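Just below is one structure, and these are the notes that go with it.
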Number of protein chains: 2
Amino acid sequence: MGGSSETSYAAKHTASAASQGTLNTDKLEEVKKLFTAHLENKGLRKTGERYAILEEIYARSGHFDVEELYAGMKERGLQVSRATVYNTLDLLVEQGLVSKHQFGRNLAQYEKSYGYRQHDHVICTECHKVVEFCDPRIHGIQTMVGELLNFHILHHSLNLYGICGDCRAQAAARSIPA
Amino acid sequence: MGGSSETSYAAKHTASAASQGTLNTDKLEEVKKLFTAHLENKGLRKTGERYAILEEIYARSGHFDVEELYAGMKERGLQVSRATVYNTLDLLVEQGLVSKHQFGRNLAQYEKSYGYRQHDHVICTECHKVVEFCDPRIHGIQTMVGELLNFHILHHSLNLYGICGDCRAQAAARSIPA
DNA sequence: ATCTATGCAAAGTTTTTGCAGCACG
DNA sequence: CGTGCTGCAAAAACTTTGCATAGAT
């Protein structure tokens, strides 16, 4: 078959962000406003810790787990407790500013999600590589199933599990030794 | 503490199985043969524990977690250790006779999967109800993405998260009190 | 007879919880 | 000023691991 283009969406994100330095800052401001609105709406307090966590998340690219986020903040001198990280992540996920993934291993992975194109994941079960992709048909399925089963669908998660080209090549090399 | 996810779709499976008493037994035999072939293929031992676990799984309907499976076996007098349950589940998942799901909470849920139609899940984030659905478009996406990204896709998991009709009705009733 | 799988319990991970004190509103 | 949030650490929840022994080949 034809040459397969390995377009990781992560790369695209970084590229578009790098091309315009202020874009990130603007986005952060927008997200902060949305978060503020959500907090006020639910009668929750606007604490510095919550905003610090939000900033750290939007400064990151790609997936991260709680420990990575916690360590990243510590390194930057933004000390918060794990309990607060968990608490705030729940708030952000609830609001949809952050999305939470569970890829196979029992380690929750998070990702900023405001203003980024809805995407899904292909996971290599051998090397645990994660590649993103987009398919408009999923939106259609989501809408149709919601109507059919009378659910108000808020978000979805589609993961394809398989073996990547690299791992298949390695396996082939091993089975045909010199 | 935790009420587990109630499986309302289970009725579907039980109904089709109940309509023909021997169907289940035949299926179990088929699955055992496949499992045996897989064990031989990998040079693994055919132990009674492994078959006992396979039987227990195929006697169940709907989703279950490791603890439920373990407890169910204990109740039937089939004593096996948790370590063996985990070990065997891994084998079965690897072979595709059982599928593993991670719905939001970090508690792995399993389900028998041989001879059952490939299906996906809608989860209510309020009451944790799980409903199954089927959409042929997913298969197309799977194939296309596999070719595009050069992955050999083995299985997928699509979860739609939202609020079910019952929970929306309850919420509406609360906001318009008598 | 050999070598792997089991069982048990202990250790490992990740997440949740309880309580004292600080801070937002 | 009062309630709710934070921080800390202890514990809970789920899974993995190590070692002695039973059992499949």
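Just so we're clear, the structure is a prediction, and the values are computed from it rather than from any experiment. Here is how names work: the chains are called A, B, and so on, in the same order as the sequence lines, proteins then strands, and each is numbered from 1.
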Let me see the working for Glu29(A) and Lys33(A) under salt bridge (charged side-chain N to carboxylate O under 4.0 Å, His left out), right down to the final yes or no.
CA-CA 6 Å; Glu29(A) 287 311 311; Lys33(A) 268 186 200 133; 5.9 Å; no
Pair Met73(B), Glu55(B) - check side chain to side chain contact (heavy atoms under 4.5 Å, CB included), show working.
CA-CA 10 Å; Met73(B) 294 188 71; Glu55(B) 282 189 33; over 6 Å; no
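With rounding to the nearest 0.5 angstrom, the CG atom of Asn150(B) is 8.0 Å from the CG atom of Asp166(A). Distance check: Leu92(A) CG to Ser99(A) OG gives 11.0 Å after rounding to the nearest 0.5 Å.
Cation-pi check for Lys46(B) over Phe35(B) is not met; the charged atom does not lie both under 6.0 angstrom from the ring centroid and within 45 degrees of its normal. Within the cation-pi definition used here (under 6.0 Å to the ring centroid, within 45° of the axis), Lys27(A) qualifies as a partner of Tyr116(A).
Annotation: proximity of residues 70-82 of chain B to DNA chain C (heavy atom, distance under 4.0 Å) is found for Gln79(B), Val80(B), Ser81(B), numbered in ascending order. Taking every heavy atom of residues 87-102 of chain A and every atom of DNA chain C, no pair lies under 4.0 Å.
Atom CG in Leu44(A) sits about 10 Å away from atom P in dG25(C), given to the nearest Å. Computed from coordinates, the Asn106(A) CG to dT15(D) C1' distance equals 7 Å when rounded to whole Å. Taking atom CG of residue Leu107(A) and atom C1' of nucleotide dT16(D), one finds them 15 Å apart after rounding to whole Å. Here the C1' atom of nucleotide dC24(C) and the OH atom of Tyr51(A) are 12 Å apart, to the nearest Å. The distance from atom CD of Glu68(B) to atom P of dA13(D) is 15 Å, rounded to the nearest whole Å. Rounded to whole Å, the distance from CD on Gln109(B) to P on dC14(D) is 10 Å. Residue Tyr110(B) contributes atom OH, which lies 12 Å from atom P of dC14(D) at whole-angstrom precision.
Residues His156(B) and His139(B) keep their aromatic ring centres 6.0 Å or farther apart. Between Phe103(A) and His121(A), the distance separating the two ring centers is shorter than 6.0 angstrom.
With hydrogens and angles disregarded, no donor-acceptor distance shorter than 3.5 Å links the side chain of Arg45(A) to the backbone of Leu39(A).
No hydrogens or angles considered: a donor-acceptor pair under 3.5 Å links the side chains of Thr36(B) and Tyr51(B).
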B/S/- contact track for nucleotides 17-24 of chain D, protein heavy atom under 4.0 Å
B-----BB
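The aromatic rings of Tyr161(A) and His155(B) sit parallel to each other, their planes meeting at less than 30°, with 60° as the upper class boundary.
For dT16(D), neither phosphate oxygen OP1 nor OP2 lies less than 4.0 angstrom from any side-chain nitrogen or oxygen of Tyr86(B).
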